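To start, the structure under review is shown below, and the notes come after it.
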Amino acid sequence: MTHHIDPTTLAQYVDHTLLKPEATAQDVADLVAEGQRLGVYSVCVSPSFLPLDAGGLKVATVCGFPSGKHHSEVKAAEAARAVADGADEVDMVIDVGAAKAGEFAAVQADIAAVRAATPAPVVLKVIIESAALTDEEIVAVCQAAEAAGADFVKTSTGFHPAGGATVHAIELMHATVGGRLGIKASGGVRTSADALAMIEAGATRLGLSGTAAVLAGLEADGGY
């Protein structure tokens with residue numbers, strides 16, 4: 001499948017991301033300019049930078065980030081404010097502890113609260129921190145996200161010490177909800193080989209902070 005992907009095609013998988021706490025407004029302006037130059041799908045920034053003129057690119061933001069340990073009504077309010085400020089997509093973090101405790105109904109209710117605050121056509125992605133979960137927990141959380149009406153499941157915030165995206169997690173997420181929900185690989189995807197492996201495993205979106213290097217690597221390899 002991935003041997004048909006060239007840099008222009010790969011760029012359309014990318015949420016070009018800047019979520020560092022020390023990011024400045026100038027950093028975000030530079031991110032947008034670079035994203036436009038690279039032809040990415042969207043830019044993903046912290047909600048305090050909204051509203052944002054992304055020059056035709058989709059605007060994504062985060063909610064309950066990065067811990068997910070927020071009351072559902074606070075996550076919903078944050079998401080609603082982001083939508084009011086022009087966000088096209090919201091990436092929310094689940095309560096990972098609830099998932100670890102097997103409280104999947106609570107996880108579903110948390111996602112549903114944010115979904116209610118982000119009606120279509122806003123895209124809701126659910127960050128599950130797959131590296132911190134067992135296979136069984138990944139499956140159950142993906143099922144909860146689908147039941148709550150989410151559009152995507154996403155591996156990671158990129159901030160969890162357990163790590164980021166893995167091919168195994170993407171394959172498991174794809175086996176659970178693939179074809180019905182989108183699947184976003186995020187966290188530690190730093191090379192063109194990483195990106196292509198995630199797409200091969202079932203990812204339909206990539207969260208990248210080093211987008212230019214990933215696309216340059218694909219160009220150097222002559223495409224796949």
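Small disclaimer: the values here were computed from a predicted structure and weren't measured.
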Could you tell me the separation between the [atom1] atom of [X] and the [atom2] atom of [Y], rounded to the nearest 0.5 Å?
{"X": "Ile138", "Y": "Ile170", "atom1": "CD1", "atom2": "CD1", "result": "9.5 Å"}
{"X": "Ser209", "Y": "Leu19", "atom1": "OG", "atom2": "CG", "result": "9.0 Å"}
{"X": "Asp194", "Y": "Ser192", "atom1": "CG", "atom2": "OG", "result": "8.0 Å"}
{"X": "Leu124", "Y": "Asp91", "atom1": "CG", "atom2": "CG", "result": "8.0 Å"}
{"X": "Ile94", "Y": "Leu133", "atom1": "CD1", "atom2": "CG", "result": "6.0 Å"}
{"X": "Asp95", "Y": "Ser72", "atom1": "CG", "atom2": "OG", "result": "8.5 Å"}

(request) List the steps and the verdict of side-chain contact (heavy atoms from CB on, under 4.5 Å) for Leu57 and Tyr41. (result) CA-CA 6 Å; Leu57 302 177; Tyr41 182 78; over 6 Å; no

(request) Take Leu208 and His16 through the test side-chain contact (heavy atoms from CB on, under 4.5 Å) and record every step on the way to the result. (result) CA-CA 5 Å; Leu208 305 179; His16 190 42; 5.6 Å; no

(request) Could you walk me through whether Val123 and Phe152 pass the side-chain contact (heavy atoms from CB on, under 4.5 Å) test, one step at a time? (result) CA-CA 8 Å; Val123 171; Phe152 273 77; 3.8 Å; yes

(request) Kindly determine whether Val62 and Met92 satisfy side-chain contact (heavy atoms from CB on, under 4.5 Å), including the steps that lead there. (result) CA-CA 6 Å; Val62 291; Met92 68 164 289; over 6 Å; no

(request) Answer yes or no: does atom NZ of Lys20 have more than 12 heavy-atom neighbours from other residues, nucleotides or ligands under 6.0 Å? (result) no

(message) For Thr157 and Glu129: C-alpha separation, side-chain torsions, deciding distance, then whether side chain to side chain donor-acceptor pair (under 3.5 Å) applies.
(response) CA-CA 7 Å; Thr157 59; Glu129 292 292 18; 2.6 Å; yes

(request) Output yes when a side-chain donor or acceptor of Arg115 lies under 3.5 Å from a complementary backbone atom of Ala148, and no otherwise. (result) no

